[in-house]
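One structure below.
Just so you know, ligand 1 is whichever comes first in the structure, and atom 1 is the first atom listed for that ligand.
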Amino acid sequence: AKKQKDNRAVLYFDDLMIDGERVLLLDAELRKAIEQRAFEVHYQPKIDAQTSKLIGFEALVRWKNDALGIVSPAEFIPYAEDTGLIVPISEVIIQKVFEDAKRFSSLGLQSVPIAINISSLHFQHPNFCESLQQLVDEAQVDASHFELEVTERTVMNNAAETVATFHELRKLGFTLSIDDFGTGYSSLSYLVRFPLNTLKIDRSFIQQICMQEEKQAVVDAIIHMSHRLNMRVVAEGVEQLEQVELLRELGCDEIQGFYYSKPLSFEEAVKFAQAAL
Ligand code: C2E
Ligand code: CA
Ligand code: CA
Ligand code: CA
């Protein structure tokens, strides 16, 4: 917390400024929401760049609260990380995703893998792999159906331990993805040691890919490097046809973004999948 000129305490989470009163309310309401399992999960389609077919979904948490309205995950996830509330919140989210995956399957949509975002604090929790295994057992789902997205910052923060955690997660059957690639500082020597399946290029590179030669050169290099390392590449935040066409030319594997679809409610995602398959 920092002091503003007028002496009100304010907290800074990334670019968001939240005043003290709102933080207290957020804290109380988050705790209630955990108890009531009041989070919803939406699903954003991932599209095969070459065939334009649906090849997966990314699960994104949504939280609508009576007192606070719709609270963006960009606001409450960082707060939950700071307070440790992220661990029980993540567990609720993962349980819901597993349940939804079973509902997808029962509708004949079993072939659509789902990516789950794992926050930094949760990933670094000593019992992370164990608790994940327990959730898999409880829900009786197949771990190979799920991809775990961990940000570049998280994995590089503690790269030596990340290697071990990643190997354990692969043993459990999960596939692994680096999120927001290009925003942190990857050490290439670690990147080759991580047993990764996928690399997601951050939206900040995609946004200006058609306007800036340099961005295009970086994306081109990331795609080539990933393929040499046997990883698939996802471009996120793709909003325009020009971007789709350029990414396809560069050999990008998967495309995610508003151009194809915003994140959808479970029911909307079912309709999307039924129309696409
Ligand atoms: P992220 O994992 O990088 O997710 C991508 C974000 O970009 C999502 O925002 C998504 O709605 C948005 N997005 C997708 N396509 C486009 C596009 O074409 N243009 C633009 N401008 N935005 C696009 P969202 O859902 O608000 O999530 C924000 C962040 O909050 C996520 O970034 C992730 O870090 C975190 N988050 C969201 N859901 C979860 C969750 O279930 N668990 C955890 N641990 N973190 C989550
Ligand atoms: Ca993500
Ligand atoms: Ca991302
Ligand atoms: Ca992000």
Among Glu236, Lys262, Gln256, which one has a heavy atom closest to atom 5 (C) of ligand 1?
Glu236
Under 4.0 Å from ligand 1, counting heavy atoms only, is it the side chain of Asp179, its backbone, both or neither?
side chain
Is there a polar contact between ligand 1 and Phe258, counting only N or O atoms under 3.5 Å apart?
yes
pair Pro73-Leu60: side-chain heavy atoms closer than 4.5 Å:
no
Can we say Glu35 and Lys32 salt-bridge, meaning some charged N sits less than 4.0 Å from an Asp/Glu carboxylate O?
no
Can you tell me if CG on Leu241 sees more than 12 non-hydrogen neighbours from other groups inside 6.0 Å?
yes
Only heavy atoms of Gly257, strictly under 4.0 Å: list the atoms of ligand 1 that pass.
15 (N), 18 (O)
Polar-atom distance check: Tyr259 versus ligand 1, any N or O pair below 3.5 Å?
no
So that I know where these two stand, are Phe181 and Phe205 an aromatic pair - ring centroids less than 6.0 Å apart?
no
What is the OD1(Asp180)-the Ca ion (ligand 3)-OE2(Glu236) angle, to the nearest 10 degrees?
90°
Atom of Asp179 nearest the Ca ion (ligand 2) (restricted to N/O/S, atom name only):
OD2
For ligand 1, which atoms sit closer than 4.0 Å to a heavy atom of Asp180?
3 (O)
In Lys262, Glu236, Gln256, the residue satisfying side chain to side chain donor-acceptor pair (under 3.5 Å) with Gln44 is Gln256
Of the choices Pro45, Ser90, Pro73, which has the non-hydrogen atom that lies closest to atom 35 (C) of ligand 1?
Pro73
Please find the N/O/S atom of Glu149 nearest to the Ca ion (ligand 2) and write down its name.
OE1
Is the backbone of Val219 close enough, under 3.5 Å, to the side chain of His224 for a donor and an acceptor to pair up by distance?
no
So for Gln44 against ligand 1, with non-hydrogen atoms under 4.0 Å, the contacting part is side chain
Ligand 1 to Ile77, heavy atom cutoff 4.0 Å, flagged ligand atoms 43 (C), 45 (N)
Determine whether the side chain, the backbone, both or neither of Glu58 has a heavy atom under 4.0 Å from any heavy atom of ligand 1.
side chain
For a quick test of reading the model, state the closest non-hydrogen atom pair linking Leu172 to Cys129 and the distance between them.
CD1-O, 3.7 Å
Between Arg62 and ligand 1, which part of the residue brings a heavy atom under 4.0 Å of the ligand: side chain, backbone, both or neither?
side chain
Is Ile93 touching ligand 1 with its side chain, its backbone, both, or neither, if touching means heavy atoms under 4.0 Å apart?
side chain
Looking at the Ca ion (ligand 2), which N/O/S atom of Glu58 is the nearest one?
OE2
Taking backbone and side chain together, does Asn117 place any N/O/S atom at a distance below 3.0 Å from the Ca ion (ligand 2)?
yes
Validation row: Met231, Ile178 side chains within 4.5 angstrom (heavy atoms)
no
So Asp137 and Gln133, side chain to side chain donor-acceptor pair (under 3.5 Å) or not? Walk me through it.
CA-CA 6 Å; Asp137 291 344; Gln133 173 70 65; 2.9 Å; yes
Could you tell me if the ring centre of Phe104 sits under 6.0 Å from that of Phe57?
yes
Of the side chain and backbone of Pro263, name the one, both, or neither that has a heavy atom under 4.0 Å from an atom of ligand 1.
side chain
For Glu239, counting its heavy atoms only, list the atoms of ligand 1 lying under 4.0 Å from any of them.
17 (C), 18 (O), 19 (N), 20 (C), 21 (N)
Taking all heavy atoms of His122 and all of Ile94, pick out the closest pair and write down the distance.
CE1-CD1, 4.2 Å
For ligand 1, the portion of Asn117 having any non-hydrogen atom under 4.0 Å away
both
Is Lys200 paired with Glu147 through a side-chain N to carboxylate O contact shorter than 4.0 Å?
no
Between His42 and ligand 1, which residue portion shows a heavy-atom distance shorter than 4.0 Å: side chain, backbone, both, or neither?
neither
Closest heavy-atom pair and its distance - Arg248, Ala49:
NE-O, 2.7 Å
